[in-house]
Amino acid sequence: MKLRYGSATALACLALCTAQAYAHHSVTANFDPSREIEIRGAVVAFNYVSPHASMVIDGIGYENGQALSTTPERWEIESSAVKGLAARGIKADTFAVGEQIIVRGAPARNTALHRANSSTFLHADGTPFGSAPAPAAPVAAPAATGVKRVEGRWIPPYQPEGKTSTLPLNAAGQAAWNAYVQADSPANTCEPMSIPDIMNAPSYLFDVRFGDGKVVLRNEAYDIVRTVPLGKDFAQVDPNGTWGKARAEIDGNALYVESKDYPASKWGLAAATQILGGGADVPSSTKKTVVEKLTVSDDGLQLFYDYVVFDPMYMTHEHRAHVTLKRTADDAPMVPYDCNKNSARQFSRAAGESLLPAQ
């Protein structure tokens, strides 16, 4: 049996859909990766949080070997989320206040700001902090058969965000895209990125488990957990109704999940830094619907995630797309996201506002 919504058969052409070519805010929009700056100084503070860890340094910046000042200045460093730093062996207590370090990264495009983006931290003698990420261990094909092969942990690929949304936006959707203001994005308040765009967040794990007449879908990014009943009846899938109501069905080797009744959101269809947003958030209404299809490759090492998303308030027609995820170890750690609002809004701060948390 195929799941349907509205007057269209949402899944009819999912098998024929081709792939279309995470970050929280766009790094390249705020920093210039064509330049490298080196900051030498003392650690004032290190905030080990998501969506972006950050550091405050009192030091001197250098570019092309030339000092940018004669005396130390206060610099702010935006870095990776906790997950990325943890993979490099960097922990919350890695840096001591007052410790002399070197940071290398991309400077802010706004040259009036003493900011840089970096995950390269060096001791004063030039040796790196942390360690190189451990190579992924080979993953064996699952012993399970049928749709149970969908179970496991999966890693989505990196997809460039592009210069415009890939969604078929109508006039209202295009107007919203054109009117995007970074300071107004829900990203600044830690509102979770929505389905299905969260599936385009690279590196963050996606976990699938069956049991007790339900399927539990978990995205590591934003700690999203959806508990979806198997059957014909829609039910709320999380305590707060953030992910609407959904139902799931098994058809042969495929798992289908149909969702509706999402609350309206300023980035319910797309986030600026993901492929569906292409540089701007796209809102959704309570009319948004999503259908997801999950199947696995013959060797069991790839998850084929196909989806149909539609919102008549902002789209001219349904959008169908495909993401291929790679299997990882079942015990691959899922790092708590714990979104920090001070971190989330750092690109939208008023001029001169400190990166340091309020005391």
Side-chain angles (χ1 to χ4, degrees), residues 22-31 33 43 45-57 76-95 101 103-106 108 115-121 128-134 136 153-161 182 185-195 197-207 218-225 267 270-275 277 281 323 325-326 328 332-349 355-357:
Y22 182 58
H24 163 265
H25 290 288
S26 175
V27 172
T28 57
N30 293 277
F31 300 95
V43 175
F46 178 54
N47 304 312
Y48 194 66
V49 295
S50 295
H52 296 284
S54 59
M55 179 181 284
V56 179
I57 299 178
E76 297 176 351
I77 311 301
E78 181 257 23
S79 191
S80 304
V82 168
K83 180 179 176 65
L85 293 180
R88 296 168 177 257
I90 293 177
K91 304 176 182 178
D93 61 356
T94 293
F95 307 101
I101 72 168
V103 178
R104 293 177 183 154
R115 296 180 190 168
N117 177 271
S118 175
S119 295
T120 303
F121 302 99
F129 282 91
S131 58
R153 290 192 174 171
W154 308 89
I155 303 175
Y158 169 74
Q159 300 180 79
E161 66 187 57
Q182 184 170 271
S185 172
N188 297 306
T189 60
C190 287
E191 179 183 320
M193 194 179 298
S194 197
I195 310 297
D197 209 19
I198 193 68
M199 297 299 298
N200 294 311
S203 301
Y204 286 99
L205 299 178
F206 174 58
D207 187 88
R218 179 182 174 191
N219 293 83
E220 184 179 28
Y222 287 97
D223 292 327
I224 296 171
V225 179
W267 68 345
T273 54
Q274 306 292 33
I275 188 171
D281 294 345
V323 182
L325 296 83
K326 293 183 179 179
T328 189
M334 296 187 81
V335 178
Y337 195 79
D338 293 334
C339 185
N340 178 279
K341 290 185 179 181
N342 190 62
S343 168
R345 63 186 289 269
Q346 65 179 276
F347 290 123
S348 300
R349 289 173 293 142
L355 183 66
L356 293 170

Partner residues of [X] under the side chain to side chain contact (heavy atoms under 4.5 Å, CB included) criterion, sequence neighbours left out:
X    : answer
S118 : I77, V103, T120
N340 : V49, N342, S343
S79  : A53, L85, S119, F121
P33  : T28, R109

With a 4.5 Å cut-off on side-chain heavy atoms, are [Y] and [X] touching?
X    : Y    : answer
Y48  : D93  : no
N219 : Y204 : no
Y337 : P51  : yes
P186 : D281 : yes
M199 : P156 : no

Ignoring hydrogens, what is the shortest heavy-atom contact between [X] and [Y]? Give both atom names and the distance.
X    : Y    : value
I224 : M193 : CD1-O, 3.4 Å
D338 : D223 : N-OD2, 3.5 Å
W267 : P192 : NE1-O, 3.3 Å
A270 : D197 : CA-OD2, 3.4 Å

Set of side-chain hydrogen bond (donor to acceptor under 3.5 Å, both in side chains) partners for S194, sequence neighbours left out: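 S194 satisfies side-chain hydrogen bond (donor to acceptor under 3.5 Å, both in side chains) with K288 once adjacent residues are dropped.
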Any donor-acceptor N/O pair, T94 side chain to K91 backbone, under 3.5 Å: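 Yes, the answer is positive, given that a donor and an acceptor are paired below the 3.5 Å cut-off.
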Under the salt bridge (Lys or Arg N to Asp or Glu O under 4.0 Å) test, residues paired with E220 that sit two or more places apart: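 K83.
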Under the salt bridge (Lys or Arg N to Asp or Glu O under 4.0 Å) test, residues paired with R104 that sit two or more places apart: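 Only E38 meet the salt bridge (Lys or Arg N to Asp or Glu O under 4.0 Å) criterion with R104.
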Approximate separation, where rounding is to 0.5 Å, of W154 CH2 and T328 OG1: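 Spacing of CH2 (W154) from OG1 (T328) equals 10.0 Å.
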Gap between atom CG of N47 and atom NE2 of H52 - 0.5 Å precision: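 Here the rounded value is 13.0 Å.
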I90/F46 under side chain to side chain contact (heavy atoms under 4.5 Å, CB included): CA gap, chis, key distance, verdict: CA-CA 11 Å; I90 293 177; F46 178 54; 4.2 Å; yes
